[in-house]
**Student:** 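I'd like to ask some things about the structure below.
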Amino acid sequence: PSKTLLHIAETIRNGERAKQFGVTYGPPTIDRDAIRAWLDKARSTLGKGLAAQAKKLNVEHLQGEANFEDARRVNVVGGSVPRVRFRRALIASGSQPIEHPALPFDGERIISPGRALDVDTLPEKLLILGGGYMAVEMSLVYRALGSKVTLVHDGSVWLPAVDADLTRNVTRQLAKDLEVAALETIVEGAENKGPRVHITFSGRNAPQPAEFDRVIVALGQRANTGKLNLDRTGATLDEEGFIRVDDQLRTTDPRLYAVGDVTGGPLLADFALAQGRVAAESIAGWKTALDVRAVPVTIFTDPQIAWCGLTESHARAEGLTHEIVKLPWGASGRAVGMGRTDGLTKIIYDPDTKMILGVGLVGAGAAEMIGEGALAVEMGAELDDLAGTLHPHPTMNELIADAARQVADREPGDRTGNRSGNRTGNRSGDAAGR
């Protein structure tokens with residue numbers, strides 16, 4: 001649902017940008033009921049697909065609230081059976097949003113990012129608390145739908161977990177699109193005034209007190225373990241409250257496994273799916289382990305952000321030898337034609353072996369491009385491999401190869417130079433001749 005909403009917001013923004021091409025649309029008409037119907041259809045389609053897949057694989061689905069009786073039995077409250085005995089159990093109970101002490105969730109005025117996906121109302125004035133990807137994504141969604149958005153974060157930067165080179169253009173866009181985008185700001189007080197919430201702020205960039213129709217609290221997630229009765233098993237939690245697992249996704253109880261948000265780490269669906277595959281293989285007795293070099297992370301801001309593998313900040317923090325090549329998108333014919341030169345490709349590599357350690361992207365379509373970077377890191381590819389691989393032109397995708405070529409072309413005699421000069425050059429010439 002979140003990505004569906006983000007796609008709707010992107011469609012609206014693309015309509016606004018069309019003015020620079022000489023194409024002018026009228027103000028969009030937002031049909032809240034139609035949007036909710038579309039979201040419901042997306043949920044229903046995915047749900048039915050999962051149900052069909054479960055039936056095909058002979059997976060029995062029991063609906064109810066589960067908790068452990070011990071390390072061999074699970075109670076099912078409100079289910080068709082009261083108890084399930086098992087040889088192995090896999091916990092995938094996910095995570096839940098962290099509340100703000102002064103703004104507890106009430107489901108109406110103070111809501112979580114998940115609740116915000118329902119779009120049951122479009123607030124005229126909306127406050128969003130947080131500086132992570134959920135807060136920033138939600139701010140852009142509701143701004144596109146017509147709300148006047150105030151975004152505040154107690155930290156000094158937006159998207160603090162992201163490489164600074166990838167956030168600059170997004171930060172500029174936030175300042176341009178939102179009513180207020182205030183860093184180093186906290187909520188000092190909150191008071192309900194009829195249907196609205198009166199908020200006072202404090203901090204270096206604190207805005208004036210204001211009333212808001214709704215407040216979205218997006219301060220992060222915590223493991224959803226409170227009702228599992230894990231104390232009746234041998235599974236334990238780490239210092240941050242997530243379930244401890246090894247590289248086969250086994251908990252400290254040999255009968256129990258855990259995957260997804262409840263284990264901490266990257267709270268991403270693709271990472272959870274990778275964990276699930278390893279856990280299933282391990283339960284089946286296979287010799288397997290989770291060994292992921294490059295977890296691709298995508299943030300559907302405007303412009304989009306995506307990265308995988310090692311980041312510059314992590315390399316510096318760990319004292320790892322590395323070098324960086326950057327390629328702004330201003331010279332890309334595709335980017336210029338689309339009016340989207342607000343992009344950057346960044347590759348982190350080992351200066352001795354030229355092995356690619358990480359790839360970072362910011363720009364239109366970055367989320368669709370990062371898969372190539374993830375493959376390069378996982379395969380132990382070198383800059384030569386990217387630089388010598390033909391990419392379709394004109395596309396945004398070729399900017400990854402162009403960035404790699406900036407380094408490869410500086411070193412005459414290497415195999416990338418030979419490949420580019422002989423194989424690629426000859427093939428291009430033959431094609432032109434034909």
**Student:** Could you measure the distance from the CD1 atom of I110 to the CZ atom of R115? Nearest 0.5 Å is fine.
**Tutor:** 12.0 Å
**Student:** Sorted by first residue and then second, give each ring-ring contact (aromatic ring centres under 6.0 Å, His included) pair with at least one member in residues 45-92; sequence neighbours left out.
**Tutor:** none
**Student:** Return each pair, listed once, that meets salt bridge (Lys or Arg N to Asp or Glu O under 4.0 Å) where at least one residue sits in residues 212-222; pairs must be two or more places apart or across chains.
**Tutor:** D120-R214, R196-D213
**Student:** Tabulate below the donor-acceptor pairs under 3.5 Å that side-chain atoms of residues 185-192 make, not counting sequence neighbours, or state none.
**Tutor:**
residue	atom	partner	partner atom	Å
T185	OG1	L183	O	2.9
E188	OE1	S202	OG	2.8

**Student:** With rounding to the nearest 0.5 Å, note down the distance linking CD1 in I35 to CG in D118.
**Tutor:** 12.5 Å
**Student:** For residues V59 and K55, determine if any side-chain heavy atom of one lies less than 4.5 Å from a side-chain heavy atom of the other.
**Tutor:** no
**Student:** Going by distance alone, is a donor N or O of one side chain under 3.5 Å from an acceptor N or O of the other, for T252 and T236?
**Tutor:** yes
**Student:** If you measure from CZ on R83 to CD on E69, what distance do you get to the nearest 0.5 Å?
**Tutor:** 4.5 Å
**Student:** Any side-chain hydrogen bond (donor to acceptor under 3.5 Å, both in side chains) pairs touching residues 263-277, not counting sequence neighbours?
**Tutor:** T263-Q275
**Student:** Looking at V152 and T150, what are the two nearest heavy atoms and their distance?
**Tutor:** CG1-CG2, 4.0 Å
**Student:** Counting only N and O atoms by type, is there a donor-acceptor contact under 3.5 Å from the side chain of D238 to the main-chain atoms of G241?
**Tutor:** yes
**Student:** What are the two closest heavy atoms between L117 and S2, and how far apart are they?
**Tutor:** CD2-CA, 3.6 Å
**Student:** Is it true that atom CZ of R204 has more than 12 heavy atoms of other residues, nucleotides or ligands lying nearer than 6.0 Å?
**Tutor:** no
**Student:** With a 4.5 Å cut-off on side-chain heavy atoms, are L174 and L140 touching?
**Tutor:** yes
**Student:** Just by distance, no angles: are the side chains of N67 and N75 close enough, under 3.5 Å, to form a donor-acceptor pair?
**Tutor:** yes
**Student:** Rounded to the nearest 0.5 Å, what separates atom CD in E398 from atom OG1 in T389?
**Tutor:** 13.0 Å
**Student:** Can you list every side-chain hydrogen bond (donor to acceptor under 3.5 Å, both in side chains) pair that touches residues 123-142, not counting sequence neighbours?
**Tutor:** none
**Student:** Could you go through the side-chain contact (heavy atoms from CB on, under 4.5 Å) check for L129 and L103 one step at a time?
**Tutor:** CA-CA 10 Å; L129 302 183; L103 293 164; 3.5 Å; yes
**Student:** Can you give me the closest heavy-atom contact between L159 and G132, atom names plus distance?
**Tutor:** CD2-C, 3.6 Å
**Student:** Not counting sequence neighbours, list each pair that qualifies as a ring-ring contact (aromatic ring centres under 6.0 Å, His included) and has a residue in residues 280-321.
**Tutor:** none
**Student:** Start with the C-alpha distance between L344 and L327, add both sets of side-chain angles, then the distance that settles side-chain contact (heavy atoms from CB on, under 4.5 Å), and finish with yes or no.
**Tutor:** CA-CA 6 Å; L344 174 75; L327 179 67; 5.7 Å; no
**Student:** Heavy-atom count around Q208 CD within 6.0 Å, excluding the residue itself: above 12?
**Tutor:** no
**Student:** With R72, which residues qualify under side-chain hydrogen bond (donor to acceptor under 3.5 Å, both in side chains), at least two apart?
**Tutor:** none
**Student:** Near K3 NZ, under 6.0 Å, is it more than 12 heavy atoms from other residues, nucleotides or ligands?
**Tutor:** yes
**Student:** Any ion pair linking E281 and K287 (charged N to carboxylate O, less than 4.0 Å)?
**Tutor:** no
**Student:** Whether D165 and K326 form a salt bridge (side-chain N of Lys/Arg under 4.0 Å from carboxylate O of Asp/Glu) is what I want to check.
**Tutor:** yes
**Student:** Sort and list the pairs that fulfil side-chain hydrogen bond (donor to acceptor under 3.5 Å, both in side chains) and have at least one residue in residues 289-305, not counting sequence neighbours.
**Tutor:** R13-D302, R17-D302, D302-R340
**Student:** At what distance, to the nearest 0.5 angstrom, does CD1 of I324 lie from CD1 of I348?
**Tutor:** 5.0 Å
**Student:** Go through the structure and list residues passing ring-ring contact (aromatic ring centres under 6.0 Å, His included) with W158, not counting sequence neighbours.
**Tutor:** H153
**Student:** If you look at every heavy atom in A279 and V259, which pair is closest and at what distance?
**Tutor:** CB-CG1, 3.9 Å
**Student:** Look up atom CD1 in I12 and atom OH in Y25, then write down how far apart they are to the nearest 0.5 Å.
**Tutor:** 13.0 Å
**Student:** Not counting sequence neighbours, list each pair that qualifies as a salt bridge (Lys or Arg N to Asp or Glu O under 4.0 Å) and has a residue in residues 142-162.
**Tutor:** E16-R143
**Student:** For D70, check side-chain hydrogen bond (donor to acceptor under 3.5 Å, both in side chains) against everything at least two apart and list the hits.
**Tutor:** R73
**Student:** Does the side chain of I283 come within less than 4.5 Å of Y257's, by heavy atoms?
**Tutor:** yes
**Student:** A182 and P207: which non-hydrogen atoms are nearest, and at how many Å?
**Tutor:** CB-CD, 4.2 Å
**Student:** Under the criterion side-chain hydrogen bond (donor to acceptor under 3.5 Å, both in side chains), I'd like the reasoning laid out for E312 against H322: C-alpha separation, chi angles, the key distance, then a yes or no.
**Tutor:** CA-CA 8 Å; E312 181 180 3; H322 66 284; 5.1 Å; no
**Student:** Go through W38 and D40 one step at a time and tell me if the side-chain contact (heavy atoms from CB on, under 4.5 Å) criterion holds.
**Tutor:** CA-CA 5 Å; W38 183 259; D40 290 342; over 6 Å; no
**Student:** Start with the C-alpha distance between L386 and I347, add both sets of side-chain angles, then the distance that settles side-chain contact (heavy atoms from CB on, under 4.5 Å), and finish with yes or no.
**Tutor:** CA-CA 11 Å; L386 280 181; I347 300 177; 4.3 Å; yes
**Student:** Got a list of side-chain donor-acceptor pairs under 3.5 Å for residues 90-101, not counting sequence neighbours?
**Tutor:**
residue	atom	partner	partner atom	Å
S93	OG	N224	O	2.8
S95	OG	Q221	NE2	3.1
S95	OG	D261	OD2	2.8
Q96	NE2	N224	OD1	2.9
E99	OE2	F105	N	3.1
H100	ND1	A102	N	3.0

**Student:** Under 4.0 Å between a side-chain nitrogen and a carboxylate oxygen: does that hold for R334 and D402?
**Tutor:** no
**Student:** Identify the heavy atoms of P351 and T321 that sit nearest to each other, and give their distance.
**Tutor:** CG-CG2, 3.5 Å
**Student:** Is the shortest side-chain heavy-atom distance between I216 and L126 below 4.5 Å?
**Tutor:** yes
**Student:** Under 4.5 Å between any side-chain heavy atoms of V292 and E378, yes or no?
**Tutor:** yes
**Student:** In this structure, are over 12 heavy atoms from other groups packed under 6.0 Å from H198 atom NE2?
**Tutor:** yes
